[in-house]
Amino acid sequence: MLQPRPPTPLGLLALCLCPLIGCSDDAPPPASGTEGTTSSTTTDDPPPAVDSTTAGIPDPGIPIVPGVGIGDLMIGDRGDRLMMLAGEPDSTFRFGNVALLTFDAPALEVLLAAPEGQELTATSKVLSVGALLSDDVEFSGPAVPGQRQNAILDESGPPTESIDDADFYDTGWSVVYTASGFAKSVTVFPPYTLAADPPAMTPISE
Amino acid sequence: MNTRRTTLLAGVLSSLLLPAPTQAAIEVDGQPLPVVDMHLHPGNYATMNPNGKAFILGAVPPFLRGHAPALLDASLDSYEEHMGIQAETDAAGVDHAVLYAVYTHHTTGYFSNEELLVALDDPRNDGWAWGFASINLDDVADDPAMLDARLDAMRSYLEVRPDLFIGIKLAHAHQGVALDDEASFQVYELAAELGVPVLLHTGFSPFPNTQDQPEYYDPGHLQDIVTMFDGMNGPRVDFVFSHVGQGDARSVEAALMLAESSDNVWLEISALGRPLILDEQGEMSDSDEDQYIFVLGEILARNLVDRTLYASDGPQLSGFVRTYLGEMVEGMQQAGFSTADIAAVLADNFYAVYDRAVP
């Protein structure tokens, strides 16, 4: 399903800036969907000047980094940077000051906090980023769109929480599955620590 | 009943998906009116109850589900840019907010007094919000020492920071404690001693695990307590019935009747944008009318306008604070409230009962 192909513009940018988001020795292992590919980029590597696939270097795919971002797009980025990286969205779903933007070419969806009409400006803020199933874009990470659920569970272990068709991992990522058990999207957001019971009540510190 | 409750919440959430212009000012009959939204819940995704979380996520569009931790954290944050509670109240034209500590970890989740202090003491507050302290009522029935320690802890916030903590919030149906429970009684005694009102969740809640027997939600069960603390036979406590007993026509009537008969009872009109679940006989209601239409009409008819307080029970999802305020103002106008009546409900009555709050 996920065959090697020339990287998209966002993919190339991601490869260039991989060290900024830890896509090297510390990066999560490649997902089974990208079997056979490994990250050849380290913090000392020069940015690839040419298409890495045609140069004989396996394309690791756009890195999905839990709690941080996808490719070059980081949680906390502003709308103007999103615009620079991904261009205009192909679709926008809004409610109040929240917008879910979908970008078909890089196969991403981005949750933004933004006043109406200011999605792609310096005032809006990226809250989370999702990688979507696509024939044209390849991702790498703890899970990738199109990957089987049992393969993801084998590699990453049980999720922190499961709600309906979504599994959530407290290190800052989630997977939404199709009814047939394939990853439909993989989303990254800030990590969290579940704390179901309240702490002991303490008096105010004077 | 659970299916119906889910449907109701889904309907409420669906209504939030309409585009909403921001920076609306509240203007009624050409007159700008100050607004206090006295029922807002800060929180965290990580401290939400798992079943409550699943309930909420079941009602948001499926394509947002993978983003839930980011979406809910940002929505429940007091100061998140553009969509935190302060941003939502600003966009709605709300001047002041009251944020709640809650110990409702069996149903929705918790937000401790300590966390609330951090939010209220933030430089970004700057007079925007006050808070209600709360108490964890788990396991105190057989442990008086634990209850005393928790009462002392709650008391400290109300005593040390009266500029920030202006009242107490309890949610019996969520906390699994009857309205007239002994532990609650000690909370009422503390409120009397400190001179702060107690806001009580009354009526149903759509969240799983909420107690749905009348002794947990029907303010009729507070008749004796209200009398005991009416200030004529001892110390006084002002009781604010949040949601006016919503969901069950019998508890709505009890709330209205107690407000008519006792001047220490106040009616807070959040969460009324949904139909009744049970009718006057306790049978499933077939009404599809939002409850605020009946409730606001009765408030006016029974001369209870000066005992009525505006609140939204937000933030829920972005846009809700603004949408609910618009619904209630329109509802009051349609019910026949004068502009002065509406001004009283939106802010003036709040300052009458919460005298620690200085606008």
Side-chain angles (χ1 to χ4, degrees), chain A residues 75 93-100 102 109-118 123-131 160-170 172-177 183-206, chain B residues 16-23 44-47 49-50 53-54 57-58 61-71 73-75 80-84 87-88 91 103 105 109-114 117 135-136 138 149-150 152-157 159-161 165 317-320 322-323:
Chain A
I75 298 163
F93 177 82
R94 280 201 71 101
F95 56 100
N97 284 351
V98 182
L100 184 71
T102 303
E109 60 180 17
V110 179
L111 190 71
L112 273 183
E116 192 171 10
Q118 299 182 44
T123 68
S124 59
K125 180 179 169 186
V126 173
L127 300 174
S128 50
V129 188
T160 310
E161 306 169 272
S162 291
I163 299 174
D164 294 330
D165 56 358
D167 282 354
F168 297 90
Y169 293 82
D170 60 8
W173 61 288
S174 66
V175 188
V176 177
Y177 291 102
K184 190 160 49 177
S185 62
V186 178
T187 303
V188 299
F189 41 75
Y192 60 92
T193 303
L194 283 183
D197 294 318
M201 288 183 64
T202 55
I204 194 170
S205 302
E206 294 188 53
Chain B
L16 307 182
L17 304 181
L18 300 171
T22 58
Q23 300 302 329
N44 306 290
Y45 180 83
T47 60
N49 176 276
K53 198 184 293 182
L57 293 187
F63 51 85
L64 285 171
R65 199 165 294 148
H67 297 267
L71 175 63
D73 265 343
S75 299
E80 178 64 48
E81 292 173 75
H82 308 306
M83 58 176 291
E88 293 292 328
Y103 292 90
H105 40 288
Y110 64 88
F111 193 73
S112 68
N113 294 324
E114 293 87 340
L117 175 64
I135 184 169
N136 183 355
D138 277 6
R150 290 179 182 173
D152 285 346
M154 181 172 69
R155 167 201 290 272
S156 70
Y157 291 85
E159 281 188 336
V160 175
R161 296 303 302 269
F165 287 85
L317 292 182
S318 183
F320 172 78
R322 179 182 182 279
T323 303

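Note on naming: letters A, B, ... go to the chains in the order of the sequence lines (proteins, then strands), and numbering restarts at 1 for each one. Side chains are part of it too, since the values below use all heavy atoms of this structure and drop only hydrogens, waters and symmetry mates. Just so we're clear, the structure is a prediction, and the values are computed from it rather than from any experiment.
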Heavy-atom distance under 4.5 Å to chain B: side chain of [X], backbone, both or neither?
{"X": "A:Val176", "value": "side chain"}
{"X": "A:Ser162", "value": "neither"}
{"X": "A:Ala113", "value": "both"}
{"X": "A:Asp170", "value": "neither"}
{"X": "A:Ser185", "value": "neither"}
{"X": "A:Ala195", "value": "both"}

Backbone N or O of [Y] within a donor-acceptor pair of the [X] side chain at under 3.5 Å?
{"X": "B:Glu114", "Y": "A:Thr202", "value": "yes"}
{"X": "A:Thr187", "Y": "B:His67", "value": "no"}
{"X": "B:Ser318", "Y": "A:Asn97", "value": "yes"}
{"X": "B:Tyr45", "Y": "A:Tyr192", "value": "no"}
{"X": "A:Ser174", "Y": "B:Gly66", "value": "yes"}

Greatest number of heavy atom pairs closer than 4.5 Å to chain A - which of [options]:
{"options": "B:Ala149, B:Ala54, B:Pro69", "value": "B:Pro69"}
{"options": "B:Asp73, B:Asn49, B:Asn136", "value": "B:Asn136"}
{"options": "B:Leu71, B:Asn113, B:Asp152", "value": "B:Leu71"}

Problem set entry | Top contributor to chain B interface from A:Ala196, A:Gly117, A:Ala166 [non-hydrogen pairs under 4.5 Å] | A:Ala196

Seminar exercise, completed: Of A:Leu100, A:Val175, A:Leu112, A:Thr160, the largest count of non-hydrogen pairs under 4.5 angstrom with chain B goes to A:Leu100

Exercise. Side chain, backbone, both or neither: which part of B:Phe111 has an atom under 4.5 Å from a heavy atom of chain A?
Worked result: neither

Seminar exercise, completed: The interface call for B:Glu80 against chain A, heavy-atom contacts under 4.5 Å, is side chain

Exercise. Quick one: do the B:His82 and A:Gln118 side chains pair a donor with an acceptor below 3.5 Å?
Worked result: no

Exercise. Which heavy atom in A:Phe189 sits nearest to a heavy atom in B:Ala70, and how many Å separate them?
Worked result: CB-CB, 3.9 Å

For this session: Write down the atom of B:Leu57, the atom of A:Phe168, and the distance for their closest heavy-atom approach.
Result: CD1-CZ, 4.3 Å

Exercise. What's the verdict on side-chain contact (heavy atoms from CB on, under 4.5 Å) for A:Phe95 and B:Leu64, showing C-alpha distance, side-chain angles and the deciding distance?
Worked result: CA-CA 11 Å; A:Phe95 56 100; B:Leu64 285 171; 3.6 Å; yes

